[in-house]
Amino acid sequence: MKNYLEKIFKEASQKLTFLSDVELMFEIPKTISHGDFSCNVAMMLTKKLKKNPRQIAEEIISNLKYDEDIIQKIEIAGPGFINFFFTPSFMAKVIENILTQKENYGRTDKYKGKKANVEFVSANPTGPLTVGHGRNAVIGDTVANMLEAIGYEVEREYYFNNAGRQMRVLGDSVKQRYLQLLGKKINFPEDYYQGEYIKEIAGEMVKEFGDSLKNENPEGKFKEKAEGVIFNDIKKSLKLLGLEFDTFSNENTLFEEGKIEALLSTFNKKNLSYEKDNAVWLKFTKLGGEQDKVIVKSSGEPTYRLPDIAYHITKFDRGYDLIVDVFGSDHAAAYPDVLAGLKALDYDTDKVKVLIYQFVTILEDGEVVKMSTRKANYVTLDELVDEVGSDVVRYFFNMRNTSSHMNFDLTLAKKQSDENPVFYLQYAHARICSILRTVVEENIISSVENLNLLVKEEEQQLLKKLNKYEEEILYASENFEPHRICSYLEELAAAFHKFYTFCRILGSEKKLAEARLALAEATKIVLQNGLGILGVTAPERM
RNA sequence: GCGCCAGUAGCUCAACCGGAUAGAGCAACGGCCUUCUAAGCCGUAGGUUAGAGGUUCGAGUCCUCUCUGGCGUACCA
């Protein structure tokens with residue numbers, strides 16, 4: 001539809017040359033009476049042409065040549081908007097389109113042949129995933145789905161740090177509990193991992209090894225065992241949400257493969273680093289940063305920046321066209337360093353999209369729950385999925401703009417989950433399935449022969465929403481905004497529920513019933529496709 | 001102190017590079033089930049878009065300042 005408008009404007013611009021000087025924009029107005037598409041070009045041109053916008057609009061319209069089977073009317077409104085109204089029969093063409101393309105409707109090959117890597121969750125294996133990690137997990141997977149929908153070949157990746165201090169503390173936490181189980185008196189430090197799972201792991205080790213590990217280095221078997229056990233649990237939790245990764249990367253491997261060492265010498269060779277106070281510093285000031293920062297501590301251990309840069313280099317080496325990192329806002333200060341480091345080495349950082357989402361405030365019984373893995377103060381993701389189901393969790397985390405803080409009221413989520421909008425969408429789908437079951441008995445078969453009969457307000461509104469889907473998916477995906485899909489689907493479901501209430505299929509005249517059934521089937525497909533991208537199921541019955 | 005993100009209806013949040021009368025859901029109130037699922041539909045009420053300036057044909061959206069909240073600001077990740 002938009003294409004058609006662009007086409008007729010292009011034709012008109014041969015005569016009205018000023019049209020080629022501005023960017024044409026067509027938007028779908030909020031208010032129904034403003035038509036199917038609206039164009040503000042006349043207002044954009046007021047200054048340039050020094051004319052009244054309505055006058056300009058008049059001139060433009062009189063030079064537009066269009067097919068009356070496609071456009072019903074064009075009018076000037078308000079300060080100078082040009083509003084376009086399509087014919088009902090043209091609007092209805094979308095049904096044929098959807099029924100032909102089915103699960104491919106809304107997908108595009110715009111980015112076909114391009115490869116993307118989406119890195120998300122990336123929680124270090126120091127404890128179970130919490131509700132806080134849920135937002136990251138859901139956003140990452142949905143973004144990956146969206147990129148696939150617009151043609152990318154997507155790799156889902158999970159990266160974790162298993163080389164630093166954090167993991168050492170984890171290993172020693174297990175060791176201390178192990179010694180405790182063997183009857184030794186210990187003084188468990190406050191800043192060690194307090195969770196019960198540490199004791200369980202220690203228990204397993206007692207069973208497996210007896211007391212033979214009394215003198216084992218905490219960074220040896222203890223760390224190894226803890227990492228393995230915890231990671232298994234993390235994978236299980238992810239699976240409950242329907243998440244599967246293609247690749248797991250970790251920090252240790254980077255060391256083992258000499259990537260860290262190599263990077264360090266590259267920085268040195270390029271004169272981008274220097275030694276001071278026994279530590280190695282990277283010249284961030286030279287790279288546009290505020291101050292130089294340490295990349296190797298005086299202890300000889302790198303700070304997170306070095307492996308992070310090395311890790312991103314491996315991603316560049318793998319040849320992606322797009323590299324997405326999903327981070328919580330606590331990392332917002334860290335990624336510019338990583339990008340600056342990469343840029344200094346001539347990597348094209350425009351390929352990197354860092355998606356920062358704001359924190360989730362968890363409320364329980366009206367109180368804010370501060371999550372801390374260390375202090376064992378958390379609500380696990382498993383617990384939540386168990387209580388409300390994967391669909392609700394995924395929808396909930398998807399429905400808000402990533403740049404907004406969000407509140408998650410656990411008490412409310414558990415108790416009033418029936419009021420979650422996800423059920424509104426699923427119900428629309430289930431209703432259509434129910435119609436399709438009933439209609440078989442009545443011998444009504446959908447048909448696209450008489451779609452011009454769909455002229456009622458509710459039918460036209462539903463058609464409009466269906467027409468919007470492709471654009472909506474493309475826009476949401478290119479801008480990494482999953483919540484737009486939720487908003488769209490809620491509008492679509494609302495349009496359907498109205499149609500359902502006012503336009504009956506059973507009992508209508510045969511041709512009309514067939515056309516309406518086709519409309520319902522098309523709606524079902526779009527709901528299914530949209531929910532699919534969100535990772536939410538489309539149930540046949542509720 | 002400085003930096004990033006935010007502040008929109010009682011609550012949770014939308015609003016497409018600045019567009020027309022700022023929209024949904026929940027909560028509240030009033031209607032609609034002999035007919036394809038009432039997890040639905042229709043209606044009522046609810047707003048100085050935190051506050052003050054500025055930019056322009058036009059500002060919730062852009063700029064400046066103030067207030068409030070979240071996250072950073074390490075030789076933690």
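Predicted model only: the values in this text are computed from it and were never measured. The sequence lines fix the lettering, A, B, ..., with proteins before strands; numbering per chain opens at 1.
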Under 4.0 Å between any heavy atoms, over every strand shown, what does [X] touch: base, sugar-phosphate, or nothing? Just pick one.
X: A:Met399; result: nothing
X: A:Asp330; result: base
X: A:Phe502; result: sugar-phosphate
X: A:Ile28; result: base
X: A:Asn52; result: nothing
X: A:Gln291; result: nothing
X: A:Arg400; result: base
X: A:Cys433; result: nothing
X: A:Ala430; result: base
X: A:His405; result: base
X: A:Thr361; result: nothing
X: A:Asn401; result: sugar-phosphate
X: A:Ala520; result: nothing

Side chain of [X] only, please: which of [options] is the nearest?
X: A:Pro79; options: B:A77, B:A38, B:G19; value: B:G19
X: A:Asp277; options: B:C75, B:A77, B:C36; value: B:C75
X: A:Gln358; options: B:A20, B:A38, B:C5; value: B:C5
X: A:Ser434; options: B:C36, B:A14, B:C75; value: B:C36
X: A:Asn407; options: B:U35, B:U37, B:C13; value: B:C13
X: A:Arg431; options: B:A39, B:A6, B:G40; value: B:G40

Do A:Ser122 side-chain atoms and A:Tyr159 backbone N/O form a donor-acceptor pair below 3.5 Å? yes

Check: A:Gln194 side chain, A:Glu190 main-chain N or O, donor-acceptor pair, under 3.5 Å: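 Looks like yes, one N/O pair under 3.5 Å.
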
Taking all non-hydrogen atoms of both residues, which atom of [X] and which atom of [Y] are closest, and how far apart?
X: A:Tyr357; Y: A:Arg135; value: CD1-CD, 3.7 Å
X: A:Asp292; Y: A:Tyr274; value: OD2-OH, 2.7 Å
X: A:Pro53; Y: A:Met43; value: CB-CG, 4.0 Å

For A:Ile230, which of A:Leu129, A:Asn124, A:Leu170 qualifies under side-chain contact (heavy atoms from CB on, under 4.5 Å)? A:Leu170

Any chance you could lay out the side-chain contact (heavy atoms from CB on, under 4.5 Å) test for A:Leu147 and A:Tyr111, step after step, and finish with the verdict? CA-CA 9 Å; A:Leu147 293 175; A:Tyr111 296 90; over 6 Å; no

Whole angstroms only, please: what is the [atom1]-[atom2] distance between [X] and [N]?
X: A:Ile445; N: B:C36; atom1: CD1; atom2: P; value: 21 Å
X: A:Glu457; N: B:C42; atom1: CD; atom2: P; value: 12 Å
X: A:Glu491; N: B:C16; atom1: CD; atom2: C1'; value: 11 Å

Of the residues in residues 471-486 of chain A, which ones touch RNA chain B at a heavy-atom distance under 4.0 Å?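 Those residues whose heavy atoms fall under 4.0 Å from RNA chain B, taken from residues 471-486 of chain A in numerical order, are A:Tyr475, A:His483, A:Arg484.
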
Of the residues in residues 125-132 of chain A, which ones touch RNA chain B at a heavy-atom distance under 4.0 Å? none

Side-chain donor/acceptor of [X] to base of [N], under 3.5 Å:
X: A:Thr303; N: B:A74; answer: no
X: A:Ser298; N: B:C75; answer: yes
X: A:Asn40; N: B:A20; answer: no

Between the base of B:G70 and the ring of A:Phe359 - centre-to-centre under 5.5 Å, planes within under 30° - is that a stack?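 A:Phe359 vs B:G70: stacking no.
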
Comparing A:Lys293 and A:Lys498 on RNA chain B - which has the more 5′ nearest nucleotide: A:Lys498

Quick check: on RNA chain B, is the nucleotide nearest A:Lys297 upstream (toward 5') of the one nearest A:Tyr424, or the reverse? Name the residue that is more 5'. A:Tyr424

Judged by modelled atom types alone, do A:Thr108 and A:Glu470 share a side-chain donor-acceptor pair under 3.5 Å?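 On atom types as modelled, these side chains do not qualify, holding no pair under 3.5 Å.
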
Whole-angstrom distance between B:G54 and B:U12, as gauged at atom C1': 33 Å

Could you check A:Phe120, A:Tyr311, A:Phe231 and say which one makes a ring-ring contact (aromatic ring centres under 6.0 Å, His included) with A:Tyr158?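 For A:Tyr158, the ring-ring contact (aromatic ring centres under 6.0 Å, His included) test succeeds with only one of A:Phe120, A:Tyr311, A:Phe231, which is A:Phe231.
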
Base-pair map of RNA chain B as dot-bracket, where | denotes pairing with a different strand and pairs are Watson-Crick or G-U under 3.5 Å: (((((((..((((.....[...)))).(((((.......))))).....(((((..]....))))))))))))....

Syn or anti for B:C33, taking syn as within 90° of 0?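 Syn.
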
Does OP1 or OP2 of B:A77 have a side-chain N or O of A:Tyr304 closer than 4.0 Å?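 For B:A77, OP1/OP2 do not have a side-chain N/O of A:Tyr304 under 4.0 Å.
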
Is the shortest side-chain N to carboxylate O distance from A:Glu458 to A:Lys498 below 4.0 Å? no

Ring-face cation contact, A:Tyr500 with A:Arg431, 6.0 Å cut, 45° max: yes

